[in-house]
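So the structure is just underneath, and the comments pick up after that.
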Protein chains: 2
Amino acid sequence: MNSEFTIAVHSLVLLAYRPDHMATSDMIAHNVDTHPARVRKVMGCLRKQGYVTTKEGSGGGFALNCRPDEVTLAEIYRATSFGSIKPSWCSGNLEEDCLVACNMTEVMDHIFTEAEEQMLMYLQRLTIQDVLERVLAKQQRES
Amino acid sequence: MNSEFTIAVHSLVLLAYRPDHMATSDMIAHNVDTHPARVRKVMGCLRKQGYVTTKEGSGGGFALNCRPDEVTLAEIYRATSFGSIKPSWCSGNLEEDCLVACNMTEVMDHIFTEAEEQMLMYLQRLTIQDVLERVLAKQQRES
DNA sequence: TCAACTGTTATTATTATAATTACAGTAAGC
DNA sequence: GCTTACTGTAATTATAATAATAACAGTTGA
């Protein structure tokens, strides 16, 4: 699976956690441990879907624009990584005179699509708030 | 996701389809459209789990050693690609003095594990026989 | 003893992914 | 208006994951 989903979820959880619900790409990038340009790319995607707003120029950055307890990981997955369950390589050989060789590509493709839908049913039940709470709960157990 | 799962399923479906339930790595490789050595590697894994038997030497090859209607894709996934849902890259920064940065890695890891379990519940409902039937059904619709 | 196989490892090629650089555009504050 | 601190985006480079290939020892049947 594509790691832009991870970056998107991490960024939203971070924004939800911060008292002012704001951060710059530099701050997020340090927190996530990646490059600011990559964060901006992923956040651009979240902005288009309305999950965050951005403010350009000095003093700018990203701000949460949704309720963390209403946004599910399924939405974020669809927005960032839809279809990434399926491996890019696929089997099958149309040259062969064999039903299996000719049709397996499409049949497996269909299976991966259904498997992804099933996974989305799980992600549907998890919100950004839930993830934040898991983070906080984990800390409490350890302290 | 790892494509060895695809190769394993394709190979088992092919064996189930063939009247003698046998094939060499060359034959499977042509059908799947990959290299025979790769097929042998995947089949080695299936042999260890008892899904196929192999016969070395001249006239040898692979033979199905299970009932196609009893083997589920979940088993094959576990045998070949367990854990491959999770991206190798992960977010988080232990250097940061922030709960989110420090704990997100583990929390996301847990989420990917659960998502994979959910996907496995779907693969549990599909057998090699079901896949073969989808292949055959597809052909009938098109002819 | 030859030919046709598997088993396995090592090497190379290819592709996917992530990091980095670069720079135009925007807004705030002096 | 100028400087500074940001975003947006594209192009390039680096790295890692994946697949293909080659090579060869071991096995078996004819």
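Residue numbering restarts at 1 for every chain, and letters A, B, ... go by the order of the sequence lines.
- Evaluation of the side-chain hydrogen bond (donor to acceptor under 3.5 Å, both in side chains) rule for A:Asp69 yields A:Arg67 as partners, not counting sequence neighbours.
- For DNA chain D, the residues of residues 2-15 of chain B within the heavy-atom distance limit of 4.0 Å (strictly under) are B:Ser3, sorted by number.
- Under the 4.5 Å side-chain heavy-atom criterion for grouping Ile, Leu, Val, Met, Phe, Trp and Tyr, A:Leu73 is connected to A:Leu136 within one hydrophobic cluster.
- Atom OG of residue B:Ser91 and atom CE of residue B:Met108 lie 6.5 Å apart, to the nearest 0.5 angstrom.
- Applying the ring pair (Phe, Tyr, Trp, His ring centres under 6.0 Å) rule to pairs touching residues 32-86 of chain B yields B:Phe5-B:Tyr77, sequence neighbours excluded.
- Here SG of B:Cys66 is found 9.5 Å from NE2 of B:His21. Values are rounded to the nearest 0.5 Å.
- Among residues two or more places apart in sequence or in another chain, the salt bridge (Lys or Arg N to Asp or Glu O under 4.0 Å) test is passed with B:Arg18 by B:Asp20.
- At a threshold of 4.5 Å between non-hydrogen side-chain atoms, the residues B:Val135 and A:Met104 count as touching.
- Taking every heavy atom of residues 73-94 of chain B and every atom of DNA chain D, pairs under 4.0 Å involve B:Ser88, by number.
- Scanning for salt bridge (Lys or Arg N to Asp or Glu O under 4.0 Å) contacts around B:Glu114 gives A:Arg134, with sequence neighbours left out.
- Taking a 4.0 Å limit (strictly below) on heavy-atom distances, residues 22-47 of chain A reaches DNA chain C at A:Thr34, A:His35, A:Ala37, A:Arg38, A:Arg40.
- With sequence neighbours left out, B:Lys86 forms a salt bridge (Lys or Arg N to Asp or Glu O under 4.0 Å) with B:Asp109.
- Using modelled atom types, one finds a donor on one side chain and an acceptor on the other under 3.5 Å when comparing B:Arg38 with B:Ser3.
- For B:Glu106, the salt bridge (Lys or Arg N to Asp or Glu O under 4.0 Å) partners at least two apart in sequence or on another chain are A:Lys138.
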Inset, instruction - Could you walk me through whether A:Arg78 and A:Glu117 pass the salt bridge (charged side-chain N to carboxylate O under 4.0 Å, His left out) test, one step at a time? - result: CA-CA 10 Å; A:Arg78 285 188 205 274; A:Glu117 278 305 319; 3.7 Å; yes
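- Comparing A:Lys48 and A:Gly60, the nucleotide of DNA chain D nearest to each residue sits closer to the 5' end for A:Gly60.
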Legend entry - Footprint string (nucleotides 25-30 of chain C, 5' to 3'): B base within contact, S backbone only, - free, heavy atoms under 4.0 Å: BBBS--
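- The closest side-chain donor-acceptor pair between B:His10 and B:Asn31 falls under 3.5 angstrom.
- First and last contacting nucleotides of DNA chain D toward chain A (any atom under 4.0 angstrom from a heavy atom, 5' to 3' order): D:dT4 to D:dA20.
- The list of ring pair (Phe, Tyr, Trp, His ring centres under 6.0 Å) pairs with a residue in residues 107-132 of chain A, not counting sequence neighbours, is empty.
- Side-chain contact between B:Val13 and B:Ile128: present, with at least one pair of heavy atoms (C-beta onward) separated by less than 4.5 Å.
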